[in-house]
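Below you'll find the structure, written out as C-alpha cells, and then a few comments.
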2 protein chains.
Amino acid sequence: MFVRITTDCKNRNTTLDDFGMTSGSDAIISLNEIFYKKGIEIYGEKEPSEYVYQVKIGAVRSYKLLSDGRRQIGAFHLAGDIFGLANGSAHRFTAEAIVDTTLRLIKREALDRVAETDPVVTRTLLGMTTLNLKHAEDHMLLLGRKDSVERVATFLVEMDERIRTSQVMALPMTRRDIADYLGLTLETVSRALSRLRRGGLLDFVGNTQRQITILDRKRLREVDCQRH
Amino acid sequence: MFVRITTDCKNRNTTLDDFGMTSGSDAIISLNEIFYKKGIEIYGEKEPSEYVYQVKIGAVRSYKLLSDGRRQIGAFHLAGDIFGLANGSAHRFTAEAIVDTTLRLIKREALDRVAETDPVVTRTLLGMTTLNLKHAEDHMLLLGRKDSVERVATFLVEMDERIRTSQVMALPMTRRDIADYLGLTLETVSRALSRLRRGGLLDFVGNTQRQITILDRKRLREVDCQRH
DNA sequence: CGGGGGCTTGAGGCCACTCAACGATAGTGG
DNA sequence: CCACTATCGTTGAGTGGCCTCAAGCCCCCG
C-alpha cells in the first residue's frame, strides 16, 4: 500500500471548473494531486467515500470481487475521467491504478457542501451518474447476451473512441483486465483478438501486443451487432 | 397496441409526494393512470421520453435487444417502483407490461420544470438514479461472473425481499423472462430451480410453478456467494 | 543470463445451450 | 361440454463455446 504525494503538488486553490464541473457560484475548493504506482489500490469496496477522483495521467480499474476471488471490472477510467462518485457514504467498487497514475482529488464533503447551495452542481452530478448508468446498462447487454468475439469487438470500439491517437491505440490494461471487464478468460480474449486480426479487422503494432490499429472500423462495428 | 384509460382515472391534481417524491415546494402536478394489458409495450428504446411511470398494480420488464433478437432484461418493475426516468431525451430500454398493469404517469416536462426551481427534487432524482446504478453494477457482477445456480439464487433473494407475502412469493414473470434477466436460457433456469428444490432450499406451491416458498434463506444466500 | 510477467496457441473437459418430447393449464370456439 | 390450440414448464440427450491446463515465446529487468 504505497502512496506518495507528488512533488509537483502545489496544493493550489482552484475552482470547480478545473475539475470539469460548471458551477453557478464561484466556489473555491482545494484540489490535490496524488501519484499511485502501478497496481496500487486507490480505495476499497465498502470503504467510506472521502474523495472524488479525476484521472490526470494514467488509467484505473474499478471492480467487484466474489468471495472466491472471481473479479468483475465495471469500468476503466482513463485520462480526464471522473470516478469514485459514490453518491452515498461507501464506495461500491475497489479502484486500482493499472499503470503509474496521477489523480486529482476533491473532498466529497466539500463537494456536498457546494451542491447544497448550488443546484447546477447537483444537476452536474445527476448528469455524470446518468452517464455511468447508461454505460452499465449497455454493459449488462454485453455480459448477458454477446459471444466472445462480439464482446471484444465492442470493447475495441469503445476504446477506439476513448484513446485513439493517430491510428494507433495503446491499451494500458492486460488481457486479464480485459477478460475481467468482458466476463471472459484471458485466453478467450486472446483468441478473439487473433480471430479479428486474421479476419483483417485489426493489427498489432510494435513488438508488444498492447498497441492496436483498427483496419476496418465499419466491419468491427458490425461484429458488435448492437441495435443502432 | 391496445391501451385503455381506466374508468377510475379521476385526473385529479396531486402533489409530488403521492408519486413518492418529497418536495420543498408544494408543486402541483397532474397525475394520470393508464391500464396496460399483459404483453403490451409501454415505450420503446430510443423513443422520446415523454413520461415517467410508477407501477400501481402489476409488473413491467425493461429490456434491450440485439439485432438478431437476443434480449437482455435490465430490470423488473413491481408495485410501487418508479421507472422510465431517462434523464435525457430518449429511453434506453423498451418497457412492456408482464401482466395486466396499471401505471401512474407524470409528464417529464413538468418534472423538469419543478426540478429547475426545486433543488430537493433534483436531489431525489439523483438518489433514484444512483439506486438504479447500484442495481446495474451488482447485476454486471452476476452476468459476468456467476454460474447458473448462483444467478438464480441471487434472483430469488432479490425477489424475496421485494414481493414476499406470508412465506410465499408469486412471481409475475415467466421462466423466459427470468432467463433473459439472468443471461441464461429458460431451460437452464428451470434446471437450476429444480436443483435448489431437490436441495431443500425452496419448494413450489400450488399447481402453477410461479409460486415459490423459500425454505432455507440462510443457505440460499450462501449459494449467492457475493461478498457481504 | 536467469526469472518473471504477459501473451499466444493447442488439447481436453465441462457447463450451459440446443433440440426435442412430454405434461399441465388456460383460453377459444363449435 | 369437449376438442383444439397456444402457452408455460420440466426433463433428457447431444452439441458447442468457453474454460482449464499446459507449453512455449517474447520482452523486460535485476
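Since this is a predicted model, take the numbers as computed values, not measurements. In what follows, chains carry the letters A, B, and so on, assigned in the order in which the sequence lines appear, proteins first and then strands, with residues in each chain numbered from 1.
Regarding A:Phe204, its CZ atom lies at a distance of 13 Å from the C1' atom of C:dT9, rounded to whole Å. Protein atom CG of A:Asn207 is 13 Å distant from nucleotide atom P of C:dT8, rounded to whole Å. Residue A:Lys38 contributes atom NZ, which lies 11 Å from atom P of C:dG5 at whole-angstrom precision. The CD1-P distance, from B:Ile212 to D:dC8, rounds to 16 Å in whole Å. Rounded to a whole Å, the CG atom of B:Leu186 is 12 Å from the C1' atom of D:dT7. Rounded to an integer number of Å, the gap from CG of B:Asp180 to C1' of C:dA16 is 15 Å. Atom CZ in A:Arg176 sits about 12 Å away from atom C1' in D:dC19, given to the nearest Å. The distance between atom CZ of B:Arg197 and atom C1' of D:dT11, rounded to the nearest whole Å, is 12 Å.
For an aromatic pair to be called close, the ring centres must be under 6.0 Å apart, and A:Tyr63 with A:Phe93 fails this.
B:Glu41 places a side-chain heavy atom less than 4.5 Å from the side chain of B:Glu47.
The listed nucleotides are D:dC8, D:dT11, C:dC7; the one nearest the side chain of A:Arg175 is C:dC7. Proximity note for A:Leu184 (side chain, C-beta onward) versus D:dC18, D:dG9, D:dT11: the nearest is D:dC18. Of the candidate nucleotides C:dT18, D:dC19, D:dG9, C:dT18 has the atom nearest to the side chain of B:Glu187. In this structure, the nucleotide among D:dT10, C:dT8, D:dT20 sitting nearest to the side chain of B:Ser194 is D:dT10. Closest to the side chain of A:Gln209, from the set D:dT10, C:dT8, D:dC18, is C:dT8. When distances run from any side-chain atom of A:Thr188 to the nucleotides C:dC7, D:dT10, D:dC19, the shortest one goes to D:dC19.
A salt bridge links B:Arg71 to B:Asp180: one of the charged nitrogens lies within less than 4.0 Å of a carboxylate oxygen. For A:Arg92 and B:Asp138, the salt-bridge test fails: no basic side-chain N is under 4.0 Å from an acidic carboxylate O. Checked for salt-bridge contact, A:Asp177 and A:Arg61 meet the test: a charged N lies under 4.0 Å from a carboxylate O.
Residue contacts shown for B:Gly183 are limited to sugar-phosphate atoms, with no base heavy atom under 4.0 Å away. Nucleic acid contact class of A:Gly39 (heavy atoms, under 4.0 Å, all strands): none.
Between the side chain of A:Arg191 and the base of D:dT20, at least one donor-acceptor pair of N or O atoms lies under 3.5 Å.
Judged by closest nucleotide on DNA chain D, A:Val189 is the one of A:Thr208 and A:Val189 placed further toward the 5' end.
In this structure, B:Ser148 reaches the C:dA16 phosphate: one of its side-chain N or O atoms is under 4.0 Å from OP1 or OP2.
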